[in-house]
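In what follows, a single structure is set out as structure tokens and then discussed.
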Number of protein chains: 2
Amino acid sequence: MPRSRQRRAPLTHPEAADIELLDVLHALSDPSRMTIVRILRAEPERACGTFPVDVAASTLSHHFKVLREAGLIHQREEANRRLTALRADELQVRFPGLLDAILAAAEPTEPAES
Amino acid sequence: MPRSRQRRAPLTHPEAADIELLDVLHALSDPSRMTIVRILRAEPERACGTFPVDVAASTLSHHFKVLREAGLIHQREEANRRLTALRADELQVRFPGLLDAILAAAEPTEPAES
DNA sequence: ACGCATATTCGATGATTGTCGAACATGGAG
DNA sequence: CTCCATGTTCGACAATCATCGAATATGCGT
């Protein structure tokens, strides 16, 4: 048996009540992960490979794990894809206004009215 | 001359407009630094040594540097003390609602009504 | 059954980070 | 002037982290 124990991850997500603020802040302090979350805010669900983040697949996978364990995203299996969604509603209950404020702050720097 | 070049730091702070969101999030993702900022929110100004953060003096100094360079705090010399203040107003202009939302989320976890 | 697309796990590597103690700098008190 | 309190810089160290390539797993076409 070719040591078959991989991708065995049952895709665990923390309970909404167990989401830690510092984990959320840390997760969002990385450019790639912030990009992922910003994209997810606009779209309901999206496959891993479809994010315009220019890193290796394994690195991307790592970022999803960090985001998932921080409680920011939810992932579900669909065929051989993994669909990712933002846990916006739960986050809103846990930390009211937090995600909105952070994502608003992440806008490209307002052009300042002419 | 005993290589006298230390504490030469002219205490530089980033311009409000140059404050980066990811730097702010990263700065706040450390427990000690979050504690410092939370205390600072209630008090206008405070000396470095007076924070109930249980780390070595040099470590504390490092945390202040991170917070200062992220644009979260302002420090000024007063005698041989260094007074620290939160840059709340400037932060509010740069990232409206961000600090409030984060600090609200950092509250001890509401006791849930009896 | 075979190959391909999607995505993860593993192991390694270099960079960043939090931490400390020792040395140093500064300003005020005795 | 000498001590002391305050706080920084320096150098070191261990831990964490972002990153990659290779190997692996899974499901769907052909």
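A note on names: the letters A, B, ... follow the listed sequences, proteins ahead of strands, and every chain is numbered from 1.
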Nearest-Å distance, [atom1] ([X]) to [atom2] ([N])?
{"X": "B:F64", "N": "D:dT8", "atom1": "CZ", "atom2": "C1'", "value": "12 Å"}
{"X": "A:L22", "N": "D:dC17", "atom1": "CG", "atom2": "P", "value": "13 Å"}
{"X": "B:Q75", "N": "D:dT6", "atom1": "CD", "atom2": "P", "value": "16 Å"}
{"X": "A:E69", "N": "D:dA18", "atom1": "CD", "atom2": "P", "value": "12 Å"}
{"X": "A:E78", "N": "D:dT26", "atom1": "CD", "atom2": "P", "value": "17 Å"}
{"X": "B:D30", "N": "D:dC17", "atom1": "CG", "atom2": "P", "value": "12 Å"}
{"X": "A:L60", "N": "C:dT9", "atom1": "CG", "atom2": "C1'", "value": "15 Å"}
{"X": "B:L67", "N": "C:dG18", "atom1": "CG", "atom2": "C1'", "value": "13 Å"}

Could you tell me whether the side chain of [Y] reaches within less than 4.5 Å of the side chain of [X], counting heavy atoms only?
{"X": "A:L98", "Y": "A:L91", "answer": "no"}
{"X": "B:E90", "Y": "B:P14", "answer": "no"}
{"X": "B:L86", "Y": "B:L99", "answer": "yes"}

Counting side-chain heavy atoms from CB outward, which of [options] is closest to [X]?
{"X": "B:H63", "options": "D:dA18, C:dG18, C:dT6", "value": "C:dG18"}
{"X": "B:N80", "options": "D:dT8, C:dG27, D:dT26", "value": "C:dG27"}
{"X": "B:S61", "options": "C:dG28, D:dT9, D:dA18", "value": "D:dT9"}

(message) Looking at B:R82, I'd like to know whether one of its side-chain N or O atoms comes within less than 4.0 Å of OP1 or OP2 on C:dT26.
(response)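 No, B:R82 has no side-chain N/O under 4.0 Å of OP1/OP2 on C:dT26.
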
(request) Ignoring backbone atoms, test whether A:R81 places a side-chain nitrogen or oxygen under 4.0 Å from the OP1 or OP2 oxygen of D:dG27. (result)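 So the side-chain polar atoms of A:R81 never come under 4.0 Å of the phosphate oxygens OP1 or OP2 of D:dG27.
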
(request) Check for a donor-acceptor pair, side chain of A:E69 on one end and backbone N or O of A:H13 on the other, with a separation under 3.5 Å. (result) no

(request) Specify the residues of residues 40-59 of chain A, ordered by number, for which at least one heavy atom lies under 4.0 angstrom from an atom of DNA chain D. (result)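 Those residues are A:V55, A:A56, A:S58, A:T59.
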
(message) For the CD atom of A:Q75 and the OG1 atom of A:T84, what is their distance to the nearest 0.5 Å?
(response) 4.0 Å

(request) Select base, sugar-phosphate, or nothing to describe what B:H62 touches, counting heavy atoms under 4.0 Å on all strands. (result) base

(request) Applying side-chain contact (heavy atoms from CB on, under 4.5 Å), run through B:L11 and B:R82 and close with a yes or a no. (result) CA-CA 10 Å; B:L11 230 9; B:R82 192 165 279 194; 3.6 Å; yes

(request) Using the side-chain hydrogen bond (donor to acceptor under 3.5 Å, both in side chains) rule, collect all pairs that involve residues 18-40 of chain B, keeping only residues at least two apart or in two chains. (result)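 Pairs touching residues 18-40 of chain B that pass the test: B:R33-B:H63.
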
